[in-house]
Amino acid sequence: HVALPICTDPAKFISVLFTSLSTMLHVELPHVNILSKMDLIETFGKLAFNLDFYTEVLDLSFLVDHLATDPFFQRYRRLNEKLTEVIQDYSLVSFVPLNVQDKDSMRQVMKAVDKANGYCFGDTEHRTLEAMMSAAVGADFQFTSTLAMQEKYVEPENRTVDDEAMEL
């Protein structure tokens, strides 16, 4: 369980990612990492990236670049690069967004927990090779639920691509 304010600070987010990865490797049990307090996303500050960047944890080089804009962290750029490389090499950490007031959000978390603890292979489920393979591979993508959360709780910016390029 990770509260959303962690995402507003890149250094804390890298720390949480590394802690989650370490726990997942040492405990060797199924894990579901939850990003909570989605309804308060705008009150803690502006996110540097879209919500799917924080839930899917795919390319952390952007986060290291964003972190390098702070003079304090410029000294530790190589350390942060190596830490994020370790996180990306394992490719185990991801987050499920949660708002306890939203039934769809709770349903997505329950679905992820059920899949992690093996409930999808229970006695009452229809047992075919096709059903078991789709559950094991993870044919259900969470991108649409993350996108719906972002549309619901994040105010859209009225910036063009040229404006964003000028910032860089």
Going through the distances and angles, do Phe95 and Leu51 end up as a side chain to side chain contact (heavy atoms under 4.5 Å, CB included)? CA-CA 10 Å; Phe95 293 93; Leu51 187 60; over 6 Å; no

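- Using the six-membered ring where Trp is involved, Tyr54 and Phe49 have ring planes that are tilted, between 30° and 60° apart.
- Annotation: the span from Leu21 atom CG to Asn33 atom CG amounts to 9.5 Å, rounded to 0.5 Å.
- Remark: side-chain polar atoms of Asn50 are not paired, donor with acceptor, to backbone N or O of Asp52 under 3.5 angstrom.
- Distance check, rounded to the nearest 0.5 Å: CG of Asp89 to NZ of Lys82 gives 9.5 Å.
- Checked by atom type and distance alone, the side chain of His26 never pairs as donor or acceptor with a backbone atom of Met24 at under 3.5 Å.
- Salt-bridge formation is detected for the pair Arg107/Asp104: a Lys NZ or Arg NE/NH1/NH2 atom is positioned less than 4.0 Å from an Asp or Glu carboxylate oxygen.
- Interatomic distance, Ile87 CD1 to Ser22 OG, rounded to the nearest 0.5 Å: 10.5 Å.
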Could you tabulate the donor-acceptor pairs under 3.5 Å formed by side-chain atoms of residues 9-20, not counting sequence neighbours?
from, atom 1, to, atom 2, distance (Å)
Asp9, OD1, Ala11, N, 3.3
Thr19, OG1, Ser15, O, 2.8
Ser20, OG, Val16, O, 3.0

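- Distance NZ/Lys111 to NZ/Lys115: 9.0 Å, rounded to 0.5 Å.
- When hydrophobic side chains of Ile, Leu, Val, Met, Phe, Trp and Tyr are connected at separations under 4.5 Å, Leu58 ends up as a singleton with no cluster partners.
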Discussion item. Let's go through Arg77 and Asp65 carefully: what are the C-alpha distance in whole Å and the side-chain angles of both, what is the deciding distance for side chain to side chain contact (heavy atoms under 4.5 Å, CB included) to 0.1 Å, and is it a yes or a no?
Written reply: CA-CA 8 Å; Arg77 182 179 177 93; Asp65 292 340; 2.6 Å; yes

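- In this structure, the separation between OH on Tyr90 and CD on Glu85 is 13.5 Å, given to the nearest 0.5 Å.
- Taking CG of Asn80 as the reference point, atom CD of Gln74 lies at 11.5 Å (rounded to 0.5 Å).
- Nearest heavy atoms, Val109 versus Pro97: CG2-O, 4.0 Å.
- Between the side chain of Glu56 and the backbone N or O of Ser94 there is no donor-acceptor pair closer than 3.5 Å.
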